[in-house]
Amino acid sequence: MTERTRDDETPTAEHESEKERVDRELIEFLNEVRVVLPGVQVLFAFLLTVPFTGAFGRVDGGARTAYIVAFFFTALATALMITPTPLHRLQFRAGDKEGFLRTSNRLILAGIACLAVAMTSVVWLVALILWPDSPGAASAIGFVAAGVVVVLWLVLPLVSRFSHRG
């Protein structure tokens with residue numbers, strides 16, 4: 001089999017069967033999850049420890065809200081991104097790899113959206129703690145963080161996807 005490469009695809013065998021395509025997509029999916037999941041878990045572990053520090057007692061309303069948002073969205077992102085594992089285990093050898101990939105893709109995308117909210121909230125929280133007398137500056141930093149995440153995680157991939165179609 002000869003290899004072909006198009007601008008919008010990874011190299012694939014010219015006569016890749018449906019099973020081979022699904023198997024390749026599953027491997028690609030697993031590799032992507034292996035990259036993102038440890039970061040989400042580290043963020044969640046960090047946020048679990050924060051309330052038990054002495055400094056947390058001095059955190060006021062805005063910073064506490066930022067923490068709660070970050071904590072719950074990180075917990076949700078972690079749950080969403082781990083869900084493909086039990087899903088796969090419970091559907092093992094059920095013969096619906098394509099359905100598994102479709103569902104898992106949606107779960108990971110939802111998890112990434114939750115992670116974006118969590119990361120933005122953490123940046124806002126840190127800014128609020130570093131500049132307690134300047135909540136406007138902290139909010140501006142939070143908005144910049146949100147903008148960076150939206151551009152890198154949403155706009156850039158969508159522009160890339162649609163520019164290759166034309």
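Please read all numbers here as calculations on a predicted model, not as lab measurements. Along the sequence shown, the residues carry numbers beginning at 1.
- The minimum heavy-atom distance between A77 and C114, with the atom names listed, is CB-CB, 3.8 Å.
- Within the 4.5 Å cutoff, the side chain of V36 has heavy atoms near those of the L115 side chain.
- The nearest pair of heavy atoms linking A118 to L43 is CB-CD2, 4.4 Å.
- A salt bridge links E98 with R21: the closest approach of a Lys/Arg side-chain nitrogen to an acidic carboxylate oxygen falls below 4.0 angstrom.
- M119 is connected to V148 through a chain of hydrophobic side-chain contacts under 4.5 Å among Ile, Leu, Val, Met, Phe, Trp and Tyr, so both are in one cluster.
- In this structure, R89 is positioned above the aromatic face of F92, its NZ or CZ under 6.0 Å from the six-membered ring centre and within 45° of the axis.
- By the 4.5 Å heavy-atom criterion applied to side chains, F72 and L76 are not counted as neighbours.
- Follow the hydrophobic side-chain contacts under 4.5 Å out from V123 and you reach F46 in the same cluster.
- The CG atom of L128 sits 13.0 Å away from the CZ atom of R64 when rounded to the nearest 0.5 Å.
- Atoms CH2 and CD1, on W131 and I141 in that order, are 4.0 Å from each other to the nearest 0.5 Å.
- Transitive grouping of hydrophobic side chains (ILVMFWY, heavy atoms separated by less than 4.5 Å) keeps V159 and V149 in distinct clusters.
- Across all their heavy atoms, M81 and P84 have their closest contact at O-CD, 3.4 Å.
- At a threshold of 4.0 Å, the pair E20-R24 does not count as salt-bridged, since none of the basic side-chain nitrogens sits closer than that to a carboxylate oxygen.
- Put simply, the side chain of T65 gets close to the backbone of G61: a donor and an acceptor are under 3.5 Å apart.
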L47 vs V122, side chain to side chain contact (heavy atoms under 4.5 Å, CB included): CA-CA, chis, key distance, verdict: CA-CA 9 Å; L47 291 170; V122 167; 4.1 Å; yes
Steps toward side chain to side chain contact (heavy atoms under 4.5 Å, CB included) verdict (Y67, V50): CA-CA 9 Å; Y67 171 79; V50 169; 3.7 Å; yes
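- Criterion: ILVMFWY side-chain heavy atoms under 4.5 Å apart, direct or through other members. Under it, L37 and L87 are part of a common hydrophobic cluster.
- Linking Ile, Leu, Val, Met, Phe, Trp and Tyr residues whenever their side-chain heavy atoms come within less than 4.5 Å places V126 and I68 in a single cluster.
- The shortest non-hydrogen separation linking L125 to A63 is CD1-O, 3.2 Å.
- To the nearest 0.5 Å, atom CZ of residue R93 and atom NE2 of residue H88 are 9.5 Å apart.
- When the options L109, L101, I108 are evaluated for a side chain to side chain contact (heavy atoms under 4.5 Å, CB included) with N105, the one that passes is L109.
- Between atom CG of residue L80 and atom CD1 of residue I112 there is a gap of 10.5 Å, rounded to the nearest 0.5 Å.
- By the 4.5 Å heavy-atom criterion applied to side chains, L48 and F71 are counted as neighbours.
- The neighbour count for F143 CZ, taken as heavy atoms of other residues, nucleotides or ligands under 6.0 Å away, does not exceed 12.
- Of all non-hydrogen atoms in P135 and P132, the two that sit nearest each other are CD-O, 4.1 Å.
- Within a 6.0 Å sphere centred on CZ of F29, other residues, nucleotides and ligands contribute more than 12 heavy atoms.
- Looking only at side-chain heavy atoms (C-beta outward), V69 and W124 stay at 4.5 Å or farther from each other.
- Of the inter-residue distances, the one linking E25 atom CD with L30 atom CG reads 12.0 Å to the nearest 0.5 angstrom.
- Contact detail for L152 and P157: the closest heavy-atom pair is O-CD, 3.3 Å.
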